[in-house]
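Computed from a predicted structure; not experimentally measured.
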Amino acid sequence: MESTWQIKMHYDGKCQLFSSEMALLRKRNGHGVIAFEDIALPEFDAGKYGLTMEQVVGAMHAILPDTSIVRGVDVFAEVN
């Protein structure tokens with residue numbers, strides 16, 4: 001089955017604020033257009049996106065299907 005996500009949100013699952021925000025986005029994600037990837041999990045590899053962990057932890061990031069990266073507050077503009 002082909003993925004239908006249109007944006008993949010990176011979030012820190014150890015951060016209560018981001019986890020709460022992602023929970024709200026999941027509730028609004030009825031069509032599965034947002035994928036979620038927890039950067040706190042040991043299997044997360046920032047390098048597969050051309051990023052370092054320092055970059056990912058330092059600012060909000062999301063990935064688009066064409067592999068382009070959205071950073072900072074622009075991420076939230078993409079999901080609204």
Side-chain angles (χ1 to χ4, degrees):
M1 182 176 176
E2 189 174 318
S3 175
T4 59
W5 62 267
Q6 295 176 10
I7 189 165
K8 184 183 291 184
M9 302 284 298
H10 287 166
Y11 72 99
D12 184 346
K14 292 182 180 178
C15 174
Q16 185 62 38
L17 178 64
F18 279 125
S19 292
S20 296
E21 185 67 26
M22 294 307 114
L24 291 172
L25 284 174
R26 285 179 203 272
K27 287 180 184 178
R28 295 181 17 212
N29 191 29
H31 296 288
V33 296
I34 305 170
F36 300 90
E37 192 167 17
D38 186 347
I39 67 169
L41 295 176
E43 61 268 18
F44 177 75
D45 178 14
K48 77 178 183 180
Y49 303 108
L51 300 167
T52 65
M53 277 306 289
E54 291 78 17
Q55 290 172 312
V56 175
V57 170
M60 179 58 106
H61 284 79
I63 308 300
L64 299 177
D66 67 1
T67 70
S68 60
I69 300 170
V70 182
R71 292 177 172 85
V73 296
D74 292 338
V75 170
F76 293 103
E78 287 284 334
V79 297
N80 286 318

Nearest heavy-atom pair of [X] and [Y]: which atoms, and what distance?
{"X": "A46", "Y": "V56", "answer": "CB-CG2, 3.8 Å"}
{"X": "S19", "Y": "G13", "answer": "OG-O, 3.1 Å"}
{"X": "Q55", "Y": "G50", "answer": "OE1-O, 4.2 Å"}

Practice problem: Kindly indicate, with the supporting measurements, whether the criterion side chain to side chain contact (heavy atoms under 4.5 Å, CB included) is fulfilled by I7 and I63. | Solution: CA-CA 6 Å; I7 189 165; I63 308 300; over 6 Å; no
Can you list the residues that meet the side chain to side chain contact (heavy atoms under 4.5 Å, CB included) rule with [X], with sequence neighbours excluded?
{"X": "K27", "result": "none"}
{"X": "L41", "result": "D38, E43"}
{"X": "S20", "result": "Q16"}
{"X": "N29", "result": "V33, I34, F36"}

Quiz prompt | Summary of ring pair (Phe, Tyr, Trp, His ring centres under 6.0 Å) pairs that have at least one residue in residues 39-77, sequence neighbours excluded | solution =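 For residues 39-77, and leaving out neighbouring residues, the ring pair (Phe, Tyr, Trp, His ring centres under 6.0 Å) pairs sorted by first residue read H10-F44, H10-Y49.
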Would a single hydrophobic cluster contain both [Y] and [X], if residues Ile, Leu, Val, Met, Phe, Trp and Tyr are joined by side-chain heavy-atom contacts under 4.5 Å?
{"X": "L25", "Y": "M60", "value": "yes"}
{"X": "V75", "Y": "Y11", "value": "yes"}
{"X": "L51", "Y": "V57", "value": "yes"}

Quiz item: Hey, does L64 have a side-chain heavy atom less than 4.5 Å from the side chain of E78?
Solution: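 Yes, at least one pair of side-chain atoms sits under 4.5 Å.
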Exercise. Measure the shortest side-chain to side-chain distance between M9 and V79 over non-hydrogen atoms and say whether it is less than 4.5 angstrom.
Key: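 Heavy-atom side-chain distance check passes, below 4.5 Å.
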Quiz item: Between atom NZ of K48 and atom CD of E37, what is the distance when rounded to the nearest 0.5 Å?
Solution: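 Taking NZ in K48 and CD in E37, the distance rounds to 4.5 Å.
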Quiz item: Say you draw a straight line from CD1 of I69 to CG of D74; how long is it, rounded to the nearest 0.5 Å?
Solution: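 I69 atom CD1 to D74 atom CG measures 13.0 Å (nearest 0.5 Å).
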Quiz item: Residues sharing L17's hydrophobic cluster, by side-chain heavy-atom contacts under 4.5 Å among ILVMFWY, directly or via others?
Solution: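 Noted: L17 shares its cluster with no other residue.
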